[in-house]
Structures are given as C-alpha cells and as structure tokens.
Amino acid sequence: MWLPLGEVVLFSSHASKGKKLPFGERILVVEELTEEAIDEKRFQYALFSAGGDISKAFAPLFRDRGIQVIDNSSAFRMEKDVPLVVPEVNPKEAMGHLLIANPNCSTIQSVLPLKVVKDLFGLKRVSYTTYQAVSGSGQKGVEDLNRTLKGEAPSFYPRSIAGNCIPQIDVFLADGYTKEEVKMIEETRKILELPKLPVTATCVRVP
C-alpha cells in the first residue's frame, strides 16, 4: 500500500547540500537541515534516520511545530513519554503523540511472535541470540569485510570478520552486555509492557 506523497524533501548536513538523488520518477535536490528550514506549513511528517545526535537536536524542533516525527535512532526509545511502536504489536501507543520512536531492527521482528505468545500463554522469560550481517553496521562494516577477505588487517571490527563471527555489536558495558544487547532487553520490556520480564540477549556480527 502506497502512502500518497506531495512534496518530498531530503535533508542533510552542509557537506551534502545540493546533491541530487532519484526518488521514483523525480530527482530531488538535497537541502541543508537547519532550524530555519523547519516549516510547519510545508511538512506534515519528518522521518529521522541520521543517528541519535541529529535526532536529539532536531526532532523536538519539528515536534514542537506540530509536525509528526518518526525517529529511527535510539535517541528517544527509552524516554518515558515517547511511545516505542511496532504497528502490529502496539499501534494504539502511537495515538496522540507527535514524536514516535522506532525500535531496534532485531527487536521489531522478535516482538511480533512474542506478542502472540504473551496474549495466549503469558511470558516467563526471553532468551535472544541474533546473528546480524556486516551491512547492519554501515559502509565501514562492509568495507572491513572486503578488506579482511583480501587478507588485510581489520580497521573497523576488533577482529577479522571474514569467515568469522564476532560476539560483539557496539561497545561492551560494565555488566558485560553490549549496547546492542541492552537495547533488545530494554525495548522488549517496554513494547510488551512487561518491565520486570527476565530477558537476556547475545548479539553476534556475521559476514
């Protein structure tokens, strides 16, 4: 199902201002994201996927001008007053909020069956193991795979990823979990409204 679109605007930093990108049959010229560019008469929706720092700086500005914000970063996921929404699981949470957070990609697919199990039988404990491709860490991850496939030393991952699995996604925290694992644990509890649910996670990077 297609969402009817009027004007579509791509924002970036000053460095990419003016770059031209195809969108369907259109060619869009990238604009610089500044506070002055936020126009409530021009925009109904603002979709953020540029990292937590950008979201924290600009998403509230769009929201405060009445523009619906959907944020793909981790910046607001655990904020008490910001709903963390998976439409097939908790769509009503989105109602009445101008700022909505999108969960971690692994959490999204996991809570779909967990919601069914919760409603039918209840949940006592959840144990996750995920195996996530290098593309999930962006261009630098893909480049490191290509580099180590050639026998060169890694410059992005702590070990060679070629022919290997690395049980570390993001940095390790004091309790021994990585930030990626903690995201899955905390987001699962919030989405399913089970704040005391025992959850553990092991997240592995694979080539």
Side-chain angles (χ1 to χ4, degrees), residues 48-56 70-80 82-91 93-94 100-207:
F48 279 79
S49 190
D53 291 340
I54 297 298
S55 292
K56 287 178 181 178
I70 301 173
D71 181 47
N72 192 45
S73 79
S74 60
F76 303 102
R77 289 174 183 166
M78 300 313 299
E79 294 287 334
K80 182 179 179 180
V82 177
L84 186 61
V85 177
V86 177
E88 297 84 356
V89 176
N90 59 342
E93 291 296 313
I100 299 169
N102 182 62
N104 179 285
C105 55
S106 296
T107 305
I108 292 172
Q109 58 189 309
S110 300
V111 295
L112 292 171
L114 287 176
K115 168 65 173 174
V116 178
V117 175
K118 174 196 172 189
D119 291 347
L120 291 177
F121 307 107
L123 289 172
K124 292 183 178 180
R125 182 177 180 83
V126 174
S127 179
Y128 284 130
T129 305
T130 71
Y131 297 88
Q132 302 178 38
V134 294
S135 56
S137 55
Q139 184 64 30
K140 290 182 179 180
V142 176
E143 289 174 352
D144 222 39
L145 172 60
N146 291 331
R147 185 179 298 111
T148 54
L149 280 170
K150 298 175 183 177
E152 300 174 10
S155 64
F156 180 69
Y157 295 120
R159 298 285 188 275
S160 172
I161 190 63
N164 194 20
C165 295
I166 302 175
Q168 177 187 353
I169 298 179
D170 214 320
V171 298
F172 281 104
L173 303 176
D175 60 4
Y177 282 108
T178 63
K179 288 181 71 174
E180 180 79 1
E181 292 162 348
V182 170
K183 287 177 188 177
M184 290 198 69
I185 292 168
E186 294 181 346
E187 291 173 17
T188 296
R189 291 170 175 161
K190 182 175 181 179
I191 294 167
L192 297 178
E193 299 181 284
L194 295 172
K196 296 183 178 181
L197 178 68
V199 183
T200 186
T202 300
C203 296
V204 182
R205 184 68 72 194
V206 299

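Values reported hereafter were calculated over all heavy atoms of this structure, with side chains retained and with hydrogens, waters and symmetry mates removed.
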Applying side chain to side chain donor-acceptor pair (under 3.5 Å), which residue pairs with at least one partner in residues 161-170 are found, sequence neighbours left out? none
Taken in chain and number order and not counting sequence neighbours, the residues that satisfy ring pair (Phe, Tyr, Trp, His ring centres under 6.0 Å) with Phe76 are none
Working to the nearest 0.5 Å, report the span between CD of Glu88 and CG of Leu112. 5.5 Å
Would you say Pro154 and Ile161 make side-chain contact, with heavy atoms under 4.5 Å? no
Grab the two heavy atoms, one from Asn72 and one from Ser49, that are nearest each other, plus how far apart they are. ND2-OG, 3.1 Å
Considering all heavy atoms of both residues, which atom of Ser160 and which atom of Thr148 are nearest to each other, and what is their separation? OG-CB, 3.2 Å
Within this structure, what is the CZ-CD distance for the pair Arg189 and Glu186, rounded to the nearest 0.5 Å? 7.5 Å
SG/Cys105 to NZ/Lys183 distance, rounded to the nearest 0.5 angstrom? 8.5 Å
List in chain and number order the residues that pass salt bridge (charged side-chain N to carboxylate O under 4.0 Å, His left out) with Lys115, two or more places apart in sequence or in another chain; answer none if no residue qualifies. Asp119
Note: Ser135 and Val142 closest approach over all heavy atoms is CA-CG2, 4.0 Å
Please give me the minimum heavy-atom distance between Leu114 and Leu123, naming the atom from each residue. O-CD1, 3.9 Å
Is the closest side-chain heavy-atom distance between Thr107 and Val86 below 4.5 Å? no
Report the residues that fulfil salt bridge (charged side-chain N to carboxylate O under 4.0 Å, His left out) with Arg77, sequence neighbours left out, ordered by chain and then residue number. Glu187
Heavy-atom pair with the smallest gap, counting every atom of Val85 and Pro103: O-CD, 3.3 Å
Any non-hydrogen side-chain atom of Thr188 less than 4.5 Å from a side-chain atom of Ser110? no
Under 3.5 Å donor-acceptor, Asp144 side chain and Ser155 backbone: yes
Side-chain donor/acceptor of Asn90 to backbone N/O of Leu84, under 3.5 Å: yes
Please identify each residue that fulfils side chain to side chain donor-acceptor pair (under 3.5 Å) with Ser137, with sequence neighbours left out. Tyr157
Below 3.5 Å, can you tabulate the donor-acceptor pairs from side chains in residues 193-206 to any protein atom, sequence neighbours excluded?
from: Thr200; atom 1: OG1; to: Tyr177; atom 2: OH; distance (Å): 2.8
from: Arg205; atom 1: NH1; to: Ala133; atom 2: O; distance (Å): 2.7

Let me confirm one number: the NZ-OG distance from Lys56 to Ser74, rounded to the nearest 0.5 Å. 7.0 Å
Find the distance between NZ (Lys190) and CD (Glu79) and round it off to the nearest 0.5 Å. 7.5 Å
Show the nearest heavy-atom pair for residues Ser73 and Ser55, with the distance to one decimal. OG-OG, 3.3 Å
Nearest 0.5 Å, please: how far is OG1 in Thr178 from CG in Leu173? 7.0 Å
Among side-chain atoms of Gln132 and Thr130, is any donor-acceptor pair under 3.5 angstrom? yes
Other residues, nucleotides and ligands only: do more than 12 of their heavy atoms fall within 6.0 Å of CG on Asp53? no
